[in-house]
Amino acid sequence: MIYLDYNATTPVDKEVAEVMIPYLYGHFGNPSSSHSLGQKAKVGIERARTQVANFLNCTPGEVLFTSGGSESNNTVIKGVAQTYRHKGNHIIVSAVEHPAVIKPCQYLEQLGYTITYVPVDAYGMVQVDDVKNQLTDQTILVSIMHSNNETGTIQPIKEIAEVCHERGVLVHTDASQSAGKVELDVAELGVDFLTLAGHKLYAPKGIGALYIREGIHIEPLIHGAGHEQGRRAGTENTPYIIGLGKACELASDFASRERVKEVADYFYDRLQNAFGDRIHLNGHRDKRLPNTLNVSFLGAVGHEVIASLEDVAASTGSACHSGETLISPVLKAMNVSACIGQGAVRFSVGRYTTKAEIDEVSGKLKEYLL
């Protein structure tokens, strides 16, 4: 299997797995226990917290461990909604957010909150002025993803945070897809909350982290004992936390990111040379995750293209119902026409993708489409 679906999930890095093993067997104690086994686990967790903090350029106390991106997003959105209800009931998100942001907002709408879904342009990018123009005295949170999981388009988070903070509005960004692919510096971005998902950066599924800027307190999503400084109840998932810490340490390797970009650029060059104007790039040409290629094959159907690629893993955000192909909500929000959108395929390369694999997939595509 040639794996070109790294945006869906990544394999666990061998070094990540190796550091987890001692905490599955020898250091299995409950981190809340006072005996040596528990304290060894606690020391490991705090080391991992520091690794995540170094990755994000924040303090360890600003890092909260969760079960993944969905929990982190729900914690912010529902926590801010409940904690700041006395200030207002208005939340702004983009039209291309992940369901882990859209669904909690739809839930809050049922409780009387007002949600504004700001549009995106043809590249899938939110315009800062569109956010600014929707801010009101009732706005308590703006949540805009750092990059889109389908197209890879990177949003102007820093500029959005600046206009929001001028009005005293909190800002959250879901950076699950960006982690390990581009620089993530919470001080530079100026956000109040940032979401990480372990399985997007070579850690296991079922572990994530949430950056919460110092001084901000929100109601926990999960109540119980006083784990994670009382911010998230539940005995800590020590082995997976250890793995996430190591994954964040490895993700700081700039050379690895550059190699991934080189492979993705090589793939796009091969596609352009083979298909010319018969392909269309969905998303921004430059302000895009360096590993992501969402390409429409004009005159083809994305599902059928993927089906033709035997032993190749890729994805498409479209759906097929009763013989009719519906383009993905993200491409629809970008006003991509049906004839272009139906041919969309997302290829996402990663740490282990080789140019030889790209040559093989390019050959398969040419054989099917030309």
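Counting from 1, the numbers follow the sequence of the chain as shown. Both backbone and side-chain heavy atoms feed into the values below; hydrogens, waters and symmetry mates do not. The shown structure was predicted, so the numbers you read here are calculated from the model rather than taken from an experiment.
Between F297 and F275, the distance separating the two ring centers is shorter than 6.0 angstrom. Less than 6.0 angstrom separates the ring centroid of Y3 from the ring centroid of Y6. F267 and F347 have their aromatic ring centers within a separation under 6.0 angstrom.
In this structure, T136 contributes its side chain and Q138 its backbone to a donor-acceptor pair below 3.5 Å. A donor-acceptor contact shorter than 3.5 Å links the side chain of S308 to the backbone of V305. At distances below 3.5 Å, not a single donor-acceptor pair connects side-chain atoms of T139 with backbone N or O atoms of L135. Listed for the H227 side chain is no donor-acceptor partner under 3.5 Å among the backbone atoms of G224. Proximity of a side-chain donor or acceptor of E236 to a complementary backbone N or O of I241 within less than 3.5 Å is not detected. Looking only at distances, a side-chain donor or acceptor of R288 sits under 3.5 Å from a matching main-chain atom of T292. Between the side chain of R259 and the main chain of S256, no donor-acceptor pair closer than 3.5 Å is present. The main-chain N or O of D185 is never found under 3.5 Å from a side-chain atom of E188 such that the two would form a donor-acceptor pair. The main-chain N or O of G124 is found under 3.5 Å from a side-chain atom of Q155 such that the two form a donor-acceptor pair.
Within the 4.5 Å cutoff, no side-chain heavy atoms of T75 are placed close to those of R231. Under the 4.5 Å side-chain criterion, counting only non-hydrogen atoms from C-beta, H165 is in contact with V171. Residues L64 and Y211 fail the side-chain proximity criterion, which asks for heavy atoms closer than 4.5 Å. Within the 4.5 Å cutoff, side-chain heavy atoms of I216 are placed close to those of L170. Counting heavy atoms from C-beta outward, C248 and N54 have side chains that stay 4.5 Å or more apart. Side-chain contact between R257 and P290 is absent, with no heavy atoms from C-beta onward closer than 4.5 Å. With a 4.5 Å cut-off on side-chain heavy atoms, Q177 and L289 count as touching. Counting heavy atoms from C-beta outward, N282 and I340 have side chains that approach closer than 4.5 Å.
Only one option out of V349, I358, T353 pairs with Y266 in a side chain to side chain contact (heavy atoms under 4.5 Å, CB included); it is I358. Put simply, the residue from V63, T173, V76 that forms a side chain to side chain contact (heavy atoms under 4.5 Å, CB included) with L194 is T173. Test V118, T114, I115 against I92 for side chain to side chain contact (heavy atoms under 4.5 Å, CB included) and you get one pass: V118.
Atom CG in L244 sits 12.0 Å away from atom CD in E249 (nearest 0.5 Å). Between the NZ atom in K200 and the OG atom in S348 there is a gap of 8.5 Å [rounded to 0.5 Å]. Remark: L201 CG to D13 CG distance equals 10.0 Å, nearest 0.5 Å. Going from atom CD of Q229 over to atom CD of E62 covers 10.5 Å, rounded to the nearest 0.5 Å. Going from atom NZ of K14 over to atom OH of Y352 covers 10.0 Å, rounded to the nearest 0.5 Å. With rounding to the nearest 0.5 Å, the separation of OG in S70 from NE2 in H98 is 6.0 Å.
Under the 3.5 Å distance criterion, with hydrogens and angles disregarded, a donor-acceptor pair is assigned to the side chains of R346 and S315. The closest side-chain donor-acceptor pair between E97 and S94 falls under 3.5 angstrom. Inspection of the T116 and H90 side chains reveals an N or O donor paired with an N or O acceptor under 3.5 Å. Between S296 and H280, the side chains place no donor N or O within less than 3.5 Å of an acceptor N or O (distance only, hydrogens not considered). A donor-acceptor contact under 3.5 angstrom links the side chains of K181 and N7, judged on distance only.
There is no path of hydrophobic side-chain contacts, each under 4.5 Å, that joins V142 to Y84. Both Y368 and V361 sit in one connected hydrophobic cluster of ILVMFWY residues. Membership requires side-chain heavy atoms under 4.5 Å apart, directly or through other members. Residues M125 and V101 do not share a hydrophobic cluster, defined by chaining ILVMFWY side chains whose heavy atoms lie under 4.5 Å apart. L4 and L293 fall within the same hydrophobic cluster, where Ile, Leu, Val, Met, Phe, Trp and Tyr residues are linked whenever their side-chain heavy atoms come under 4.5 Å apart, directly or through other members. In terms of hydrophobic clustering, with Ile, Leu, Val, Met, Phe, Trp and Tyr side chains grouped at heavy-atom distances under 4.5 Å, L250 and F254 are assigned to different clusters.
For N273, the CG atom sits in a packed shell: over 12 heavy atoms of surrounding residues, nucleotides or ligands are nearer than 6.0 Å. For NE2 of H217, the number of neighbouring non-hydrogen atoms (other residues, nucleotides, ligands) closer than 6.0 Å is 12 at most. Summarising the local packing, CD of Q106 is surrounded by more than 12 heavy atoms from other residues, nucleotides or ligands at distances under 6.0 Å. Counted within 6.0 Å of NZ on K246, heavy atoms from surrounding residues, nucleotides or ligands total more than 12; the atom is thus considered enclosed.
Contact detail for N291 and A264: the closest heavy-atom pair is CA-CB, 4.0 Å. For the pair P60 and T50, the tightest heavy-atom approach, listed with the atom from each and the gap, is CG-OG1, 3.7 Å. Closest of all the heavy-atom pairs between T151 and N148 is N-OD1, 3.0 Å. Here the shortest heavy-atom pairing between A8 and H199 reads O-CE1, 3.2 Å. The heavy-atom pair separating A251 from G180 by the smallest distance is CB-CA, 3.8 Å. A pairwise comparison of heavy atoms in C164 and V131 identifies SG-CG1, 4.1 Å as the closest pair.
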How far apart are the C-alpha atoms of N73 and T195, what are their side-chain angles, what is the distance that settles it, and do they pass the side-chain hydrogen bond (donor to acceptor under 3.5 Å, both in side chains) test? CA-CA 7 Å; N73 290 343; T195 290; 2.7 Å; yes

Run the side-chain contact (heavy atoms from CB on, under 4.5 Å) test on L141 and I77 for me, step by step, so that the C-alpha distance in whole Å, both residues' side-chain angles and the decisive distance to 0.1 Å come before the verdict. CA-CA 8 Å; L141 177 69; I77 293 168; 4.2 Å; yes

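Among pairs with a residue in residues 99-145, those fulfilling ring-ring contact (aromatic ring centres under 6.0 Å, His included) read Y123-H284, at least two apart in sequence or across chains.
Under 4.0 Å is where a charged nitrogen must lie from a carboxylate oxygen, and between E262 and K355 at least one such pair does. Between E71 and R232 there is a salt bridge, since at least one side-chain N of the basic residue sits less than 4.0 Å from a carboxylate O of the acidic one. E228 has a carboxylate O that lies under 4.0 Å from a charged side-chain N of R49, or vice versa, which qualifies the two as a salt bridge. The pair K78-E219 does not meet the salt-bridge criterion, since no charged nitrogen lies less than 4.0 angstrom from a carboxylate oxygen. The pair D137-K87 does not meet the salt-bridge criterion, since no charged nitrogen lies less than 4.0 angstrom from a carboxylate oxygen. The existence of a salt bridge linking E258 and K261 is excluded, since no basic side-chain nitrogen approaches an acidic carboxylate oxygen closer than 4.0 Å. In this structure, E367 does not pair ionically with K364, as no charged nitrogen and carboxylate oxygen lie closer than 4.0 Å.
For the pair R351 and Y202, the cation sits on the ring face: its NZ or CZ lies under 6.0 Å from the ring centre, inside 45° of the axis.
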